[in-house]
Amino acid sequence: MRTQVAIIGAGPSGLLLGQLLHGAGIDNIIIERQTADYVLGRIRAGVLEQGMVDLLRQAGVSQRMDAEGLVHDGFELALDGRQVHIDLKGLTGGKTVMVYGQTEVTRDLMAARAQAGAQTLYSASNVQPHDMKTDAPYLTFEKDGESWRLDCDYIAGCDGFHGVARQSIPGDVLKIFERVYPFGWLGVLSDTPPVNDELVYAKHERGFALCSQRSATRSRYYLQVPADEQVEDWSDQRFWDELKARLPQPLAERLVTGPSIEKSIAPLRSFVVEPMQYGRMFLVGDAAHIVPPTGAKGLNLAASDVSTLFNILLKVYTQGRTDLLERYSEVCLRRVWKAERFSWWMTSMLHRFPDSDSFSQRITDSELAYFVDSVAGRTTIAENYVGLPYEAIE
Ligand SMILES: Cc1cc2nc3c(=O)[nH]c(=O)nc-3n(C[C@H](O)[C@H](O)[C@H](O)COP(=O)(O)OP(=O)(O)OC[C@H]3O[C@@H](n4cnc5c(N)ncnc54)[C@H](O)[C@@H]3O)c2cc1C
């Protein structure tokens, strides 16, 4: 088999890159380890930055998002009972975010790819990139008991944090930056109306809580829990009681509870690998970086990497600009590190750290108060939350 761009992974990064390339007439094949149903079963992100919304529109997959997604002009901070509104739209000159689940984005991208007749090979095992430093890279994999080889011009490693692409780069080439947090997020999805029109990020002495949502009838709530917590120890009733204890009283009183339809614990981690490319292979999205979800940045960073790689490949194929290829990593990393910083800051400000002494807690409280009580501070939070601009590829 032969294609122009071989994409490893059919998560949002791989599917969005594939859709943009296909729209530009650049041939690509996606190789995915799991089944399509398994990929669609993962409950993950739900807040899309303006840049990602625009990119989905550019890719021609925004019809359902524009009809069903919820545009949010702001969000709420609940700081030990006190509520502060962050007016995203007013503070950023009109920018907003879109609440539309990652599962739905993935479903729309899969449908568009099937309709376009572009090839995705699911349930492929032992995927392995080869000869990335040469002009003739290729992938090998197994499917339906047979061994396959896919020759290509370029490889996009869109295979997430545990994927094979990053692991195929020699260790001495990569520099890893990592912070593992001493807590995780216990998440519950429920078919109940959201407690508030906008998202609520709650800082409380019992720990952080987030009231998020997927639609007008489906809510997603999170609680900070110790890193070694077991999901089996959390009945629905215990979850709702703890959430109410961490919310300001008016919100706790109007919280509608119901049976959970999904409950899981996600660890919190900051991770970046440099560089994000190795010869003709490019790392995209979670394959290259992870953020704690407090800033709603993971999926959005994947989208900005996709935009950068797509715009470079477009110029390579239409204008012969192969000189741009080596700029991929530096362009991505500039934006990645800013999002890493914001995600770390939001996490540091809003969570309870087990080893934090009383002095550190007062400093955190006062830093947060300084930010939310000043227009400049709220503007800083708002412009990072709606997403920093994508860098143009000239
Ligand atoms: C539990 C959880 C909750 C999250 N919540 C949020 C949130 O609230 N907000 C937010 O912004 N972000 C959140 N994120 C992060 C966000 O979901 C990711 O940033 C996003 O999925 C990245 O997309 P991706 O396509 O780069 O990687 P992925 O979505 O991980 O997709 C990678 C794909 O590659 C496939 N793959 C892996 N290895 C191989 C292989 N060897 N061969 C072939 N295919 C392979 C995988 O099966 C997968 O389909 C969350 C992540 C997790 C894990």
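Order of listing sets the numbers, starting from 1, for every ligand and every atom in it.
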- Task: State the atoms of ligand 1, each with its element, that fall below the 4.0 Å cut-off from a heavy-atom position in Gly285.
- Result: 26 (O)
- Can you find a pair of side-chain heavy atoms, one from Leu268 and one from His351, that are under 4.5 Å apart? yes
- Give the atoms of ligand 1, by number and element, whose distance to some non-hydrogen atom of Lys297 is under 4.0 Å. 11 (O)
- Gln213 side, atom CD; Tyr221 side, atom OH - distance, nearest 0.5 Å: 8.0 Å
- Message: Closer than 4.0 Å to some heavy atom of Cys158 - which atoms of ligand 1 meet that?
- Response: 32 (C), 33 (C), 34 (O)
- Say whether Gly298, considering both its backbone and side-chain N or O atoms, lies within less than 3.5 Å of an N or O atom on ligand 1. yes
- Message: Return the closest protein heavy atom for atom 31 (O) of ligand 1 as residue, atom name and distance.
- Response: Gly11 CA, 3.5 Å
- Message: Which of the numbered atoms in ligand 1 are under 4.0 angstrom from any heavy atom belonging to Gln34?
- Response: 47 (O)
Review item, side-chain donor-acceptor pairs of residues 120-127, under 3.5 Å, at least two apart:
unit_1	atom_1	unit_2	atom_2	d
Thr120	OG1	Arg113	NE	2.8
Asn126	ND2	Glu142	OE1	3.2
Asn126	ND2	Glu142	OE2	3.4

- Answer whether the closest heavy-atom distance between the side chains of Ile86 and Tyr201 falls below 4.5 Å. no
- Is Leu189 reachable from Leu199 through a run of I, L, V, M, F, W or Y residues, each pair having side-chain heavy atoms under 4.5 Å apart? no
- For atom 12 (N) of ligand 1, closest protein heavy-atom neighbour: Ala45 CB, 3.4 Å
- Item | Residue-ligand contact Phe161/ligand 1, heavy atom below 4.0 Å | no
- Query: Will you find, in the side chains of Glu229 and Trp234, an N or O donor that is under 3.5 Å from an N or O acceptor?
  - Reply: yes
- How far is atom 43 (C) of ligand 1 from its nearest protein heavy atom, and which residue and atom name does that atom have? Arg33 N, 3.3 Å
- Task: Look at atom 42 (N) of ligand 1 and say which protein heavy atom is nearest, naming residue and atom and giving the distance to 0.1 Å.
- Result: Val127 CG2, 3.5 Å
- Message: With a sphere of 6.0 Å drawn around CD of Glu178, does it hold more than 12 non-hydrogen atoms of other residues, nucleotides or ligands?
- Response: yes
- Per-atom filter on ligand 1: closer than 4.0 angstrom to a heavy atom of Tyr222 are 8 (O)
- Task: Would you please classify the geometry between the Trp185 ring and the Tyr222 ring as parallel, tilted or perpendicular, with 30° and 60° separating the classes?
- Result: tilted
- Task: Would you mind telling me if ligand 1 is within reach of the side chain of Ile31, the backbone, both or neither, using heavy atoms under 4.0 Å?
- Result: backbone
- Message: Tell me whether the count of non-hydrogen atoms from other residues, nucleotides or ligands lying under 6.0 Å of CD in Gln63 goes above 12.
- Response: no
- Message: Looking at Asp236 and Ser260, would you say the former's side chain and the latter's main chain have a donor-acceptor pair under 3.5 Å?
- Response: yes
- Compare Arg44, Gln167, Gln128 and give the one whose heavy atom is closest to atom 2 (C) of ligand 1. Arg44
- Task: Using a strict 4.0 Å cut-off to heavy atoms of Val164, name the atoms of ligand 1 that fall inside it.
- Result: 41 (N)
- Heavy atoms of other groups near Arg57 CZ, more than 12 under 6.0 Å: yes
- Task: Please identify which atoms of ligand 1 are closer than 4.0 Å to at least one heavy atom of Ala296.
- Result: 11 (O)
- Task: For ligand 1, find out whether one of its N or O atoms is nearer than 3.5 Å to an N or O atom of Glu32.
- Result: yes
- Task: Go through ligand 1 atom by atom and flag the ones less than 4.0 Å from a non-hydrogen atom of Gly163.
- Result: 38 (N)
- Report the residues that fulfil side chain to side chain donor-acceptor pair (under 3.5 Å) with Thr103, sequence neighbours left out, ordered by chain and then residue number. none
- Item | ligand 1 to Gln102 polar contact by distance, N or O atoms, under 3.5 Å | yes
- Shortest non-hydrogen contact from Ala287 to Val273? O-CG1, 4.5 Å
- Is the closest heavy-atom distance from Arg42 to ligand 1 below 4.0 Å? yes
- Message: Quick test: of every protein heavy atom, which one is nearest to atom 25 (O) of ligand 1, and how far off is it to 0.1 Å?
- Response: Ser13 N, 2.9 Å
- Asp286 N/O under 3.5 Å from ligand 1 N/O: yes
- Message: Do Thr308 and Asp305 pair up side chain to side chain, a donor and an acceptor below 3.5 Å, judged on atom types alone?
- Response: no
- Who's the nearest protein heavy-atom neighbour of atom 37 (C) of ligand 1, and how far? Asp159 O, 3.0 Å
- Message: Could you identify the single nearest non-hydrogen protein atom to atom 1 (C) of ligand 1 and state the distance to 0.1 Å?
- Response: Ala266 CB, 3.8 Å
